[in-house]
Amino acid sequence: QVQLVESGGGLVQPGGSLRLSCAASGFTFSTYWLGWFRQAPGKEREFAATIGWSSDNTAYADSVKGRFTISRDNAKNTVYLQMNSLKPEDTAVYYCARSPTLRARPEGYDYWGQGTQVTVSS
């Protein structure tokens, strides 16, 4: 069955960095877009970044552009989100999800991981 498992979350100070990982299994990884979304308490789930087959095919939300970098290793069936210059407003549960094509809305993704908490605080 399709599984997406996130890891790498934690507590970091403002200005710090974290790298999230999402290990995928149960499907042909290289043929899907993989996206990262986030959800803060009391807010809707929002798009952060997505990547196609290669790093030449990426898209970012304006709120993370220039600070976050999405990448993938098709040999390891893993997608990453490198987060730099973190701000308190980046605090959220971060989810990875798969989509058959480029989508920036949650409705376009059919399988989701369980999420990993990222907290940015001094």
Next item on the list: Specify whether W112 and Y95 have parallel, tilted or perpendicular ring planes, treating 30° as the upper limit for parallel and 60° as the lower limit for perpendicular.
Entry: perpendicular
Separation between [atom1] of [X] and [atom2] of [Y], rounded to the nearest 0.5 Å:
X	Y	atom1	atom2	answer
T50	W36	OG1	CH2	11.5 Å
W33	W53	CH2	CH2	13.0 Å
Q117	Q39	CD	CD	11.0 Å
I70	Q82	CD1	CD	12.0 Å

Which atom names give the shortest non-hydrogen contact between [X] and [Y], and what distance separates them?
X	Y	value
L4	A24	CD2-CB, 3.6 Å
S122	P14	N-CD, 3.7 Å
G9	V118	CA-CG2, 4.1 Å
V93	G115	CG1-CA, 3.8 Å
V2	F27	CG1-CD2, 3.7 Å

N/O donor-acceptor pair under 3.5 Å between [X] side chain and [Y] backbone:
X	Y	answer
S99	T101	yes
Q114	V5	no
S85	G15	no
E6	L20	no

Check: Between N57 and L102, does a side-chain contact (heavy atoms from CB on, under 4.5 Å) hold up when you go through it step by step?
Finding: CA-CA 9 Å; N57 298 300; L102 191 160; over 6 Å; no
Check: Does atom CD of E44 have more than 12 heavy-atom neighbours, drawn from other residues, nucleotides or ligands, at distances under 6.0 Å?
Finding: no
Notebook entry, point to check: Counting only heavy atoms not in Y111, do more than 12 fall under 6.0 Å of its OH?
Noted result: no
Note to self: Within 45 degrees of the ring normal and closer than 6.0 Å to the centroid, is that where the cationic atom of R19 sits relative to Y80?
What the structure shows: yes
Check: Are R72 and F29 in a cation-pi setup, meaning NZ or CZ lies under 6.0 angstrom from the ring centre and within 45 degrees of the ring axis?
Finding: yes
Item checked: Residue pair K87, D90: steps toward the salt bridge (charged side-chain N to carboxylate O under 4.0 Å, His left out) verdict -> CA-CA 5 Å; K87 306 174 182 179; D90 294 318; over 6 Å; no
Notebook entry, point to check: Which of these, L81, T91, V64, sits in a side-chain contact (heavy atoms from CB on, under 4.5 Å) with R38?
Noted result: V64
Check: Under 4.5 Å between side-chain heavy atoms, hopping through other hydrophobics if needed: is there a path connecting L18 to Y94?
Finding: yes
Margin query: I'd like to know whether S25 forms a side-chain contact (heavy atoms from CB on, under 4.5 Å) with N77, so could you lay out the CA-CA distance, the side-chain angles of the two residues, the decisive distance to 0.1 Å, and finally the verdict.
Written below: CA-CA 7 Å; S25 60; N77 286 2; 5.7 Å; no
Going by heavy atoms in the side chains, are [X] and [Y] under 4.5 Å from each other?
X	Y	value
S121	L11	yes
F37	Y109	yes
L34	Y32	yes

